[in-house]
Amino acid sequence: MLGRRIDRAALPLLAAAALYPFFLNAWRSIPLACAATFACVMLIRRLLGRPRRGLNRTAARTELLRIAALPDAEAADVLRELIEARYPGEVFALFPALKHPETSLSSGDVLAAWKANRGAARLVIAATCPCEPRAACYARQLADPEVAVVDSRLLLRLLGRRASPVTEPRAVPLRRRLAGWFAFAASRPIQPRNLLLAAVMLAVYRLNGNPMYLFAALPLLLQLAAALRHRRFRRTLFDR
């Protein structure tokens, strides 16, 4: 809340400081530049003060991941509520394709959902991941039942219209966030040229003392440390 108040106070001032010279150089008139700057600042203040309707992108992604982790029946109820709120009056069978948002819905997933709902007139595949282009084309070719795919891109937009998530997302501890970053860094292969580049930058830093070379080498060294840590045997199975 304090950060938002600071933004609302600082951004109009920064905008005024940037817009006034622009309008003054464009029109060569102090009154016109003052009037235009004042109008722009008022517009910016109004936009900043306008309450947001629905979830932001980060909250929507968190909610989508939470839905993907729900049991099938509970997730189907939540997804149906989202879709029916946007398309009221539609009658359809729903197949929840609960996958991680970083994966994708394939043509095989579409075929499996279609087979599981034979006898329905219309089928909606609600996927918590993006749909592959080939799978989307294949879904439009199916009949008995007709198939419509609502993937994560549309679900994120639908979640953005929601006033608040069903449950407040729990804050992820810093230790787990760091562990996730190290796991991501360790999954990337170690390139010999990156190690050579880090060694060269450290050598240049040693020679001229410019800290920019040290900061540039740190990400490569951290990736190497994460990869080496990932390769060793853990003390316990769930050792982070």
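Computed from heavy atoms alone, side chains included, the values below leave out hydrogens, waters and symmetry copies.
Note that CG of L79 is 8.0 Å distant from CG of L64, once rounded to the nearest 0.5 Å. Interatomic distance, L94 CG to L123 CG, rounded to the nearest 0.5 Å: 8.0 Å. Rounded to the nearest 0.5 angstrom, I67 CD1 and L98 CG are separated by 9.0 Å. Taken from CZ in F92 to OH in Y87, the straight-line distance is 10.0 Å, to the nearest 0.5 Å. Taking OG1 of T37 as the start and CD1 of I30 as the end, the distance is 11.5 Å to the nearest 0.5 Å. Expressed to the nearest 0.5 Å, how far CG of N117 lies from CD1 of I125 amounts to 8.0 Å.
What you find for S106 and A135 is that their closest heavy atoms are C-CB, 3.5 Å. Of all heavy-atom pairs between K99 and T128, the closest is O-OG1, 2.5 Å.
Hydrophobic clustering (ILVMFWY, side-chain heavy atoms < 4.5 Å, transitive): L196 and V204 are in one cluster. Neither F95 nor L154 shares a network with the other; the hydrophobic side chains, linked directly or stepwise wherever heavy atoms of I, L, V, M, F, W or Y lie under 4.5 Å apart, form separate groups for each. No path of Ile, Leu, Val, Met, Phe, Trp and Tyr side chains, each step under 4.5 Å between heavy atoms, connects V78 with V149, placing them in separate hydrophobic clusters.
A donor-acceptor pair under 3.5 Å is formed between the side chain of D151 and the backbone N or O of C131. Put simply, the side chain of D109 never gets that close to the backbone of L105: no donor and acceptor are under 3.5 Å apart.
Take F23 and apply the ring pair (Phe, Tyr, Trp, His ring centres under 6.0 Å) test, not counting sequence neighbours, and it matches W27.
Around atom CG of D77, more than 12 heavy atoms belonging to other residues, nucleotides or ligands sit under 6.0 Å away.
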Kindly indicate, with the supporting measurements, whether the criterion side chain to side chain contact (heavy atoms under 4.5 Å, CB included) is fulfilled by V147 and Y138. CA-CA 9 Å; V147 177; Y138 176 62; over 6 Å; no

Assess whether side chain to side chain contact (heavy atoms under 4.5 Å, CB included) is satisfied between K115 and R118, documenting all intermediate values. CA-CA 6 Å; K115 284 184 175 182; R118 283 179 175 173; 4.2 Å; yes

Does the side chain to side chain contact (heavy atoms under 4.5 Å, CB included) test come out yes or no for M201 and L197, once each step is laid out? CA-CA 6 Å; M201 287 188 290; L197 180 60; 3.8 Å; yes

Pair T103, H100 - check side chain to side chain contact (heavy atoms under 4.5 Å, CB included), show working. CA-CA 6 Å; T103 60; H100 193 279; 4.2 Å; yes

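Remark: of the listed residues L155, L156, L159, T58, L159 is the sole one forming a side-chain contact (heavy atoms from CB on, under 4.5 Å) with E63.
One side chain, E132 or S104, offers a donor N or O that lies under 3.5 Å from an acceptor on the other.
The residues R140 and E146 are annotated as not salt-bridged, no charged nitrogen and carboxylate oxygen being separated by less than 4.0 angstrom.
Side-chain contact between R153 and P130 is present, with at least one heavy-atom pair separated by less than 4.5 Å.
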